[in-house]
Number of protein chains: 2
Amino acid sequence: MSAELLRAREHFIQGMSRISHFWGFSKAMGAIYGAIYLSENPVSLDELVGQVGVSKGAVSTNVRTLERLGMVHKQIQLGDRKDYYIAETDFWKIVRGVLREREQSEFDQALRTVGESMVLVEGVDEDVATAVFYRERMQAMQSFFNNLDNLVGMLIALEDLRSKSVQGLFGKKET
Amino acid sequence: MSAELLRAREHFIQGMSRISHFWGFSKAMGAIYGAIYLSENPVSLDELVGQVGVSKGAVSTNVRTLERLGMVHKQIQLGDRKDYYIAETDFWKIVRGVLREREQSEFDQALRTVGESMVLVEGVDEDVATAVFYRERMQAMQSFFNNLDNLVGMLIALEDLRSKSVQGLFGKKET
DNA sequence: TAATACGTTTAGTATAAACTAAACATATTA
DNA sequence: TAATATGTTTAGTTTATACTAAACGTATTA
């Protein structure tokens, strides 16, 4: 492969690493996704080890996470014991997967914790003024998380619509 | 303050730590915000040291970040050299601030990197098939980031509307 | 001017995350 | 059955992050 293409690939993969890290995943995971994404053919684990330059163990665990998130798909080929991977290219589907897998459970946790705190404030009959204040604030916070939850739900729904070929909603700056 | 309230406060603050960490900030930052959020009166840096249980240096840097994000506001009181902090309670405003400060710059970076990679692919006249493939894939990725960018812009706009008292859009599950 | 009260910065340290190398389990082939 | 090829798990190490303790700078007071 020409030096230019190699550099382009390298640069792109670096960018994927950075984004991955930003979203709270490991850099290697982003790099691995990038490598798979820029492959015309399904990629084996050992090829990834060579291309990305991390150990087999790291590739194994990272690729498993990628699969769980629906970012790559395993492809077993007949008469070949290797696992091959291809990239999911519907990014909105990926966003849905990540939101469902991570954000939703975190949001639920947040809601639960705030709710539990509110329960703890119930039945306090000393420090009345402070208790009232706590209730108000916690209530406001809970309300926010509920709304955020709804908003994420709306986004997922919108993306579901979009994936069903309703076009034009998000295309303003499309290049 | 009663033991119940203290426990409620503690639990709430723990939750804020967790959320903070989830969003890629330090746990201490969330705890500090929680402590300020649950204070009826403006809180000084030294009070925070006592309440949250981290060092003065850590409080100093974390509270500065909180202020930069618009999550707390400094309040200087006449004839008092201490800085006091109060919590921003408009969470959508906070979301806007965080989006603007962090996500936007990251999105821009992502767009730039992908763009640069595409430039590197331009003018490759060997490996034509591969170059075409790279261009397609990178193009699709860039398109996605553009759309994401637009979507975030839409959200900020929606929240701006909401903050101008257009009600009912996000209230479905409000408690 | 010295002493005090504050917030900030810095050098060093602790901790958590993610990696490597190697052992391992399992399936396939010779 | 032994040897090989594969993916996974584990123990240990590296690295990045966030903290602590203390020095520092600056403003205020005595």
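If you're wondering where the values come from, they're calculated on a predicted model, not measured in any experiment. Just so it is clear: chains get the letters A, B, ... in the order the sequence lines come, proteins before strands, and each one is counted from 1.
One can place CG of B:Leu66 at 16 Å from C1' of C:dG7, the figure rounded to the nearest angstrom.
The side-chain contact (heavy atoms from CB on, under 4.5 Å) search around A:Glu136 returns A:Val132, not counting sequence neighbours. For A:Glu4, there are no side-chain hydrogen bond (donor to acceptor under 3.5 Å, both in side chains) partners at least two apart in sequence or on another chain. For A:Glu10, the side-chain hydrogen bond (donor to acceptor under 3.5 Å, both in side chains) criterion is met by no residue, not counting sequence neighbours. Evaluation of the side-chain contact (heavy atoms from CB on, under 4.5 Å) rule for A:Ile19 yields A:Met16, A:Trp23, B:Ala110, B:Phe145 as partners, not counting sequence neighbours.
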Scoring nucleotides 4-21 of chain D by protein non-hydrogen atoms under 4.0 Å (B base, S sugar-phosphate only, - none) yields -BSBBB-------SSSB-
What side-chain donor-acceptor pairs closer than 3.5 Å can you find for residues 114-125 of chain B, not counting sequence neighbours?
from     : atom 1 : to       : atom 2 : distance (Å)
B:Glu116 : OE1    : A:His11  : NE2    : 2.5
B:Ser117 : OG     : A:Phe12  : N      : 3.2
B:Ser117 : OG     : B:Thr113 : O      : 2.9

